[in-house]
Amino acid sequence: MPELPEVEVTRLSFADRIDGAVVRAVRLGKPLRWPLGIDVIELLRSHVGAPRRRGKYLWLPLSRRSVDAGGLLLHLGMSGSLAFVSRPAAPGPHDHFDLVTSAGTLRLTDPRRFGAVVWSPSIDSGLAGKLLTGLGVEPFDDEFDGDLLWRALRRRRSAVKVALLGGDIVVGAGNIYACEALFAAGIDPRARSHRISRRRCARLAQAVRETLAQAVELGGSTLRDFRDARGCVGEFQLTARVYGRAGQPCPVCGTPVRRVVQGQRSTYFCPSCQRS
DNA sequence: ATGGGTACCTGTCTGC
DNA sequence: TGCAGACAGGTACCCA
């Protein structure tokens, strides 16, 4: 489910409310991708700071008596979502983590359990450091532009869509938004990365930024079950032009949208509008 | 370093 | 109705 827009929309929907709250209890459900990495009792009475986002990860800083106490790194995997509510229902079979605070309970629900909640001594050490090192630039940073993209892509021979999904050039574009951005830029997702001109890289960088920004504005994509921490659904999927639309007419030229598989993931594109 | 494949896990939908 | 198989928003890790 969650690509950068869903993670950012989730963050925005509870950041103000959890900032400054005190941890009262922690409940663990079934194992997630990694163990929590700290004894739960060590987290009690910690103060939660303002949640930050890096790529598709969220970082919840913690402190005790104004002293830095590391933080929690969260990832929603394929099927995760967070809720932040004052009176949570009894945990269901897919509710695997509750952070009970003075301001409400942050609950991770994740049927497939590809998600993660891990404690690290800081955002750039421990497991958090290891996971975040090697991530590409943030798409909304000034640093991310056509030149950066061109310089990175010219060294790759993989298909451009696979390179975008990799997250080591630019973070945040998952399967939906990579497809949509390539459509917006008019680039064939199967095109070899190193053969894309500087000019087209500029268009692609712009398309990635705009696609992700628009998705944040629309509250993300709710294909089946995404909700932000307030329980609101997203609406970007209503505006998707190729993702999930195999066989349907391209909204620009009417040619049927094609589906191919790249790196074991479905890719959707218009064979007429998108060129190598 | 890069590229390709596998693995993690559960739910839903399709076709026989 | 049952059942096998495909597919799903991600990414770490292993191997060539």
Side-chain angles (χ1 to χ4, degrees), chain A residues 1-10 29-35 37 53-58 73-82 92-97 108-118 120 126-136 151-181 190-195 208 211-212 215-216 218-228 233-240 242-247 259-268:
Chain A
M1 162 214 342
E3 305 182 34
L4 183 147
E6 290 73 33
V7 176
E8 180 64 3
V9 165
T10 297
K30 289 186 192 167
L32 295 165
R33 192 185 251 263
W34 296 285
R53 181 189 57 73
R54 176 73 176 99
K56 299 171 192 170
Y57 289 92
L58 286 178
L73 188 74
L74 282 73
H75 197 288
L76 302 180
M78 285 281 267
S79 57
S81 61
L82 289 172
H94 302 310
D95 299 331
H96 304 305
F97 178 80
L108 175 68
T109 303
D110 184 5
R112 292 178 74 180
R113 289 192 280 129
F114 290 169
V117 182
V118 298
S120 279
L127 186 50
K130 183 180 166 191
L131 294 171
L132 299 182
T133 315
L135 289 188
R151 287 196 304 272
L153 289 181
R154 68 194 288 212
R155 292 187 282 108
R156 312 260 180 131
R157 333 211 107 241
S158 60
V160 60
K161 193 251 191 171
V162 173
L164 279 183
L165 277 185
D168 49 345
I169 300 173
V170 58
V171 293
N175 210 28
I176 298 177
Y177 302 115
C179 290
E180 293 299 317
R190 302 165 298 177
R192 300 292 115 185
S193 302
H194 64 109
R195 303 197 49 195
V208 166
T211 301
L212 294 175
V216 172
L218 291 175
S221 294
T222 299
L223 292 191
R224 87 180 31 255
D225 51 15
F226 169 71
R227 304 290 163 115
D228 70 16
V233 300
E235 297 190 331
F236 180 90
Q237 73 285 356
L238 304 174
T239 73
V242 285
Y243 184 82
R245 301 188 168 272
R259 172 184 177 273
V260 295
V261 174
Q262 295 181 290
Q264 295 85 241
R265 316 292 304 279
S266 290
T267 296
Y268 300 89

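Throughout, protein chains are lettered first and strands after them, A, B, ... in sequence-line order, and every chain is numbered starting at 1.
Among the nucleotides C:dA12, B:dG4, B:dT10, the one closest to the side chain of A:Ser158 is B:dG4. Among the nucleotides B:dT2, B:dG11, C:dG10, the one closest to the side chain of A:Arg155 is B:dT2. Among the nucleotides C:dA12, C:dG10, B:dT6, the one closest to any side-chain atom of A:Trp34 is C:dA12. Here the nucleotide nearest the side chain of A:His75, chosen from C:dA12, B:dG3, C:dT11, is C:dT11.
Residue A:Arg265 has no polar side-chain atom (N or O) positioned under 4.0 Å from OP1 or OP2 of C:dC7. The phosphate of B:dG5 (OP1 or OP2) has a side-chain N or O of A:Gln264 nearer than 4.0 angstrom. The phosphate of C:dA8 (OP1 or OP2) has a side-chain N or O of A:Ser266 nearer than 4.0 angstrom. At C:dG9, none of the side-chain N or O atoms of A:Tyr268 fall inside 4.0 Å of OP1 or OP2 (strictly under the cut-off). Distances shown here put a side-chain N or O of A:His94 below 4.0 Å from the OP1 or OP2 atom of B:dG11.
In this structure, C:dG9 forms no base pair with any nucleotide, since neither Watson-Crick nor G-U wobble geometry is met with both distances under 3.5 Å. Across all strands shown, nothing is found opposite B:dC9 as a Watson-Crick or G-U wobble partner with both distances under 3.5 Å.
Judged by ring centres under 5.5 Å apart and planes tilted less than 30 degrees, A:Phe226 fails to stack against the six-membered base ring of C:dG9. Judged by centroid separation below 5.5 Å and plane tilt below 30°, A:Phe114 stacks onto the base of B:dC8.
A donor-acceptor distance shorter than 3.5 angstrom exists from the side chain of A:Glu3 to the backbone of A:Ile176, with no hydrogens or angles considered. Side-chain atoms of A:Glu8 do not come within 3.5 Å of backbone N or O of A:Arg53 as any donor-acceptor pair. A:Glu235 places no side-chain N or O within donor-acceptor distance of the main-chain N or O of A:Gly219, the cut-off being under 3.5 Å. No donor-acceptor pair closer than 3.5 Å links the side chain of A:Thr211 to the backbone N or O of A:Tyr177.
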One pair to check against side chain to side chain donor-acceptor pair (under 3.5 Å): A:Arg227 and A:Ser81. What are the steps and the verdict? CA-CA 6 Å; A:Arg227 304 290 163 115; A:Ser81 61; over 6 Å; no
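A straight line from CG of A:Leu127 to P of C:dT11 spans 14 Å, rounded to a whole angstrom. The nearest whole Å value for the distance from the CG atom in A:Asp110 to the C1' atom in B:dG11 is 12 Å. To the nearest angstrom, P of C:dG9 lies 21 Å from CD of A:Glu235. Between the C1' atom of C:dC7 and the CE atom of A:Met78 lies a distance of 9 Å, rounded to the nearest Å. What separates CZ of A:Arg157 from P of B:dG4 is a distance of 11 Å, to the nearest Å. Atom-to-atom, CG of A:Asp225 to P of C:dG9 comes out at 12 Å; the value is rounded to the nearest Å. The nearest whole Å value for the distance from the NZ atom in A:Lys56 to the C1' atom in C:dG9 is 8 Å. Regarding A:Leu82, its CG atom lies at a distance of 15 Å from the C1' atom of C:dG9, rounded to whole Å.
Comparing C:dG9 with B:dG3, their C1' atoms sit 24 Å apart, to the nearest whole Å. B:dC9 and C:dC3 have their P atoms separated by 24 Å, given to the nearest Å.
Between A:Pro2 and A:Gly80, the shortest heavy-atom contact is CG-O, 3.7 Å.
Between A:Arg224 and A:Arg33, the one whose closest nucleotide on DNA chain B sits nearer the 5' end is A:Arg33. In terms of position along DNA chain B, the nucleotide closest to A:Arg156 lies nearer the 5' end than the nucleotide closest to the other residue of the pair A:Arg156 and A:Arg113. In terms of position along DNA chain C, the nucleotide closest to A:Thr222 lies nearer the 5' end than the nucleotide closest to the other residue of the pair A:Lys130 and A:Thr222. Sequence order on DNA chain C of the closest nucleotides to A:Arg112 and A:Tyr57 puts A:Arg112 first from the 5' end.
A:Leu165 comes within contact range of no nucleotide atom at all, as no heavy-atom separation falls under 4.0 Å.
Each of A:Asp95, A:Leu74, A:Leu32 was evaluated against A:Leu108; a single residue qualifies, A:Leu32, per the side-chain contact (heavy atoms from CB on, under 4.5 Å) test.
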